[in-house]
Structure formats: structure tokens, C-alpha cells
Amino acid sequence: MGKRIRVVAGLTVASVAAMVGMQAQPALAVDVPETGLSIFEGTFARSVLYVAEPDGSCLAMPPTADSLTGERTIEQVSAFTGPNCTGDQWNLGTFRTFKAGKYQSFRAYMFDGPLGS
């Protein structure tokens, strides 16, 4: 019984130490435009593509891209595993991280109405 308690306590202390270490990491500041689609590498660290007014056309996903945010006017981003919007399709929404290189192309859509006008 005593050994089991020590192991659990050791794991608990390690977990708390890891959480404190994660919280101590400095926040990254990245400049994001108020509208449009921004695609980043380094998990929102560096912008690799900005599309001010996406129209649903197929665009190449930068190979180092691993995160995106669609601000205010963006309704949906659909990413594809193949080039030219072929292969498996994934609807990513407007705020997402993903493995770099997972998607080769994408389509982004704006809201129809006052926000997208």
C-alpha cells in the first residue's frame, strides 16, 4: 500500500511541476489583421499567407503552415490533403492548428451578408 501511494504522489508532483512550467512560458505576440484569413507556421508564430477576401477558389497551402485564423468576415476554411483541392477534405473552421504538411490546398469562404459585404 505504501509504495502505491508514493508512486501516485510522485506522478502528481511531476504533473504539477509540468503544468507550472507550461504556464511560465511567455506568450507569443503575432499581428493578426481584423478581417480575412491568416495562415501561420510555428503555431501562430509567423504569417506565411494572408488572404484579405477569399472567394472560395482553390489555393495552395504553404508547406510549412500549421495554424490558421479567419477573422470576422471568414465563415469556413476547407483544407484538402491533395493539390488543387483534391484528396480528403477537412472543414477546419476559422481557428485551428494542424500538422505542417498535412494539407496541400484549401478553399476559404466569406460570410454572405453585412459582415462579408
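This structure is a prediction, so every number in the text was calculated from the model and none was measured.
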A.B. asks: Output the distance between atom CD (Glu75) and atom CZ (Phe111), rounded to the nearest 0.5 Å.
C.D. replies: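 Going from CD on Glu75 over to CZ on Phe111, the span is 5.0 Å.
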
A.B. asks: Transitively linked via ILVMFWY side-chain contacts under 4.5 Å: Met61 with Val51?
C.D. replies: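 In one cluster: yes.
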
A.B. asks: Using a 3.5 Å cut-off and no angle test, enumerate the donor-acceptor pairs between side-chain atoms of residues 96-104 and protein atoms at least two apart in sequence or in another chain.
C.D. replies:
from	atom 1	to	atom 2	distance (Å)
Gln104	NE2	Thr81	O	3.3

A.B. asks: Going through the checks in order, is the ring-ring contact (aromatic ring centres under 6.0 Å, His included) test met by Phe40 and Tyr50?
C.D. replies: CA-CA 9 Å; Phe40 302 91; Tyr50 173 69; 9.7 Å; no

A.B. asks: Identify the two heavy atoms, one from Val77 and one from Phe106, that lie closest to each other, and give their separation to 0.1 Å.
C.D. replies: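 Looks like CG1-CD1, 4.3 Å.
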
A.B. asks: Would you name the heavy atoms of Gly93 and Leu68 that are closest together and state the gap between them?
C.D. replies: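 Shortest heavy-atom separation between Gly93 and Leu68 comes out as O-CD1, 4.3 Å.
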
A.B. asks: What's the separation between atom CD1 in Ile74 and atom OG in Ser38, rounded to the nearest 0.5 Å?
C.D. replies: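 If I round to the nearest 0.5 Å, the distance is 9.0 Å.
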
A.B. asks: Return each pair, listed once, that meets salt bridge (charged side-chain N to carboxylate O under 4.0 Å, His left out) where at least one residue sits in residues 32-42; pairs must be two or more places apart or across chains.
C.D. replies: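 Qualifying pairs, neighbours excluded: Glu41-Arg46.
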
A.B. asks: If Ile, Leu, Val, Met, Phe, Trp and Tyr residues are connected whenever their side-chain heavy atoms lie under 4.5 Å apart, and connections chain through other members, are Val48 and Leu37 in the same group?
C.D. replies: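 Yes.
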
A.B. asks: Provide the full list of side-chain hydrogen bond (donor to acceptor under 3.5 Å, both in side chains) pairs with a residue in residues 51-60, sequence neighbours left out, each pair given once.
C.D. replies: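 For residues 51-60: Asp55-Ser57.
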
A.B. asks: If only side-chain N and O atoms count, and only distance matters, is there a donor-acceptor pair under 3.5 Å linking Asn84 with Ser105?
C.D. replies: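 No - no donor-acceptor pair under 3.5 Å links their side chains.
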
A.B. asks: Please tell me whether Phe80 and Trp90 are part of a single hydrophobic cluster in this structure, the criterion being side-chain heavy atoms less than 4.5 Å apart.
C.D. replies: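 No; tracing contacts between hydrophobic side chains, which count when under 4.5 Å, never links both residues.
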
A.B. asks: Nearest 0.5 Å please: distance from the CG atom of Leu49 over to the CG atom of Leu59.
C.D. replies: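 Rounded to the nearest 0.5 Å, the CG-CG separation comes to 7.0 Å.
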
A.B. asks: Under 3.5 Å, is there a donor-acceptor pair between the side chain of Asn91 and the main chain of Ser78?
C.D. replies: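 No; judged by distance alone, with no hydrogens or angles, the pair does not exist.
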
A.B. asks: Go through the side-chain N and O atoms of Thr69 and Glu71 and say whether any donor and acceptor fall under 3.5 Å apart.
C.D. replies: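 Present: a donor and an acceptor within the cut-off.
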
A.B. asks: How long is the straight-line distance from CE of Met110 back to CD of Gln76, given to the nearest 0.5 Å?
C.D. replies: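 Going from CD on Gln76 over to CE on Met110, the span is 14.5 Å.
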
A.B. asks: Looking only at heavy atoms, what is the nearest atom pair of Ala79 and Leu92, with distance?
C.D. replies: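 Heavy-atom minimum between the residues: CB-CD1, 3.6 Å.
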
